[in-house]
Amino acid sequence: MHYFEIETKAKINLTLDVLYKRQDGYHEVEMIMQSISLCDRVKIKLLPQREIRVFCDMAGVPLNEENTAYKAAKLLMETYKLDAGIEIEITKNIPVAAGLAGGSADAAAVIIGINELFDLKKSTQQLIEFGKIIGADVPFSIIGGTALAKGIGEKLEKLPKLENIGVLLIKPPYFVSTKKVYSRLNVGTIKKRPDTANMIERIKNNDIYGIAEGLCNVLEEVTFKMHPELEGIKRELKEKGALGSLMSGSGPTIYGIFENRRDAEKTAEKLSKFKSMIIITEMQ
Ligand code: ATP
């Protein structure tokens with residue numbers, strides 16, 4: 001096999017709670033992650049000489065060692081002293097710096113791809129350990145589906161898969177830095193936290209109305225202060241038909257959930273003409 005191609009999915013957070021700041025500077029989180037059908041396509045090719053090349057069709061995505069896919073390739077090539085090079089071609093559909101873990105998805109694709117291409121036969125848990133070194137959301141991107149993530153995001157517990165629930169994403173035309181949002185979060189004064197245990201029960205019961213009601217992300221209060229109009233987007237989504245709506249990750253993407261994709265499409269038609277990107281997708 002000389003190349004490997006994979007579709008790698010974006011995620012949304014159904015809940016995101018920050019428990020405390022750890023001594024190593026990271027935040028201890030508890031979050032329920034859900035993959036969605038919106039995906040990047042990553043193609044990995046073997047090169048005869050030791051080097052890593054990254055290509056991406058979206059302007060602004062770094063192509064050097066700053067790229068998460070590059071970092072993942074370097075980590076595995078160095079760890080296993082792989083005597084070959086890698087060319088990574090990313091076709092990007094997941095908006096960048098949007099709270100949808102696009103960079104993490106690409107890194108996950110490279111970790112999975114190198115494991116296949118070089119026939120490394122590493123277990124999912126070993127791949128997750130590599131993922132954790134690249135970024136907090138990479139472990140989830142490796143397994144996908146519906147999962148509870150703890151630690152910095154690497155301690156994963158699979159939950160029953162939610163599928164075919166419609167998701168409407170609204171991505172405003174600016175980026176939000178995850179680092180900045182976490183640095184502005186004061187864990188001691190968080191006003192509203194998710195009831196994670198209750199949400200897990202609702203997921204087990206496939207109770208979409210209960211899930212919609214339980215959506216909660218403690219980072220909203222920080223990002224909404226930076227971009228107050230996000231609160232209006234969230235409200236409008238609900239007024240125009242979403243069962244529930246929330247900011248994903250550190251934002252700025254706001255999403256609404258619906259019984260199915262068709263309902264998401266109907267709401268999309270009714271929305272104000274935001275200068276935002278609107279994407280209709282579904283849980284997968
Ligand atoms: P998260 O929710 O994990 O914080 P995000 O969706 O908010 O992620 P990303 O799309 O991963 O954010 O991008 C964050 C930053 O990483 C961007 O500023 C971008 O320049 C950089 N980056 C590095 N590699 C990639 C990649 N493969 N795809 C997208 N962005 C990348």
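Just follow the structure's listing: the first ligand is 1, and inside any ligand the first atom is 1. Computed over heavy atoms, backbone and side chain alike; hydrogens, waters and symmetry mates excluded. This structure is a prediction, so every number in the text was calculated from the model and none was measured.
Protein heavy atom at the shortest distance from atom 6 (O) of ligand 1 is Ala101 N, 2.8 Å. Considering only non-hydrogen protein atoms, atom 3 (O) of ligand 1 sits nearest to Asp137 OD2, 2.8 Å. In this structure, atom 23 (C) of ligand 1 lies nearest to the protein heavy atom Glu66 O, 3.4 Å. The shortest contact between atom 4 (O) of ligand 1 and any protein heavy atom is with Thr178 OG1, 2.9 Å. Protein heavy atom closest to atom 25 (C) of ligand 1, with residue, atom name and distance, is Thr68 OG1, 3.7 Å. Among all protein heavy atoms, the one lying closest to atom 9 (P) of ligand 1 is Ala97 N, 3.5 Å. Closest to atom 19 (C) of ligand 1 among all protein heavy atoms lies Val96 CG1, 3.8 Å.
Residue Val61 has no nitrogen or oxygen atom sitting less than 3.5 Å from a nitrogen or oxygen atom of ligand 1, judged on distance alone. Not a single N or O atom of Pro62, backbone or side chain, sits closer than 3.5 Å to an N or O atom of ligand 1.
By heavy-atom distance, the residue among Ser104, Gly249, Gly99, Ser248 lying nearest atom 5 (P) of ligand 1 is Gly99.
Side chains of Leu246 and Ile254 form no contact here, defined as non-hydrogen atoms less than 4.5 Å apart.
The nearest protein heavy atom to atom 15 (C) of ligand 1 is not closer than 4.0 Å.
Taking every heavy atom of Ala98 and a limit of under 4.0 angstrom, the matching atoms of ligand 1 come to 5 (P), 6 (O), 7 (O). Per-residue contacts place Leu100 under 4.0 angstrom from the following atoms of ligand 1 (heavy atoms of the residue considered): 6 (O). Close approach of ligand 1 to Lys92 is summarised as follows: ligand atoms under 4.0 Å from at least one heavy atom of the residue are 28 (N), 29 (C).
A salt bridge does not link Lys150 with Glu28: every distance from a Lys NZ or Arg NE/NH1/NH2 to an Asp or Glu carboxylate oxygen is 4.0 Å or more. Using a 4.0 Å cut-off between charged nitrogen and carboxylate oxygen, Asp119 and Lys121 count as a salt-bridge pair.
Not a single heavy atom of Met58 sits less than 4.0 Å from an atom of ligand 1. Heavy-atom separations between Ser250 and ligand 1 are all 4.0 Å or longer.
Contacts between Asp106 and ligand 1, counted as non-hydrogen atom pairs separated by less than 4.0 Å, involve the side chain only.
Phe55 and Leu117 fall into different hydrophobic clusters, defined by Ile, Leu, Val, Met, Phe, Trp and Tyr side-chain heavy atoms under 4.5 Å apart, directly or through other members.
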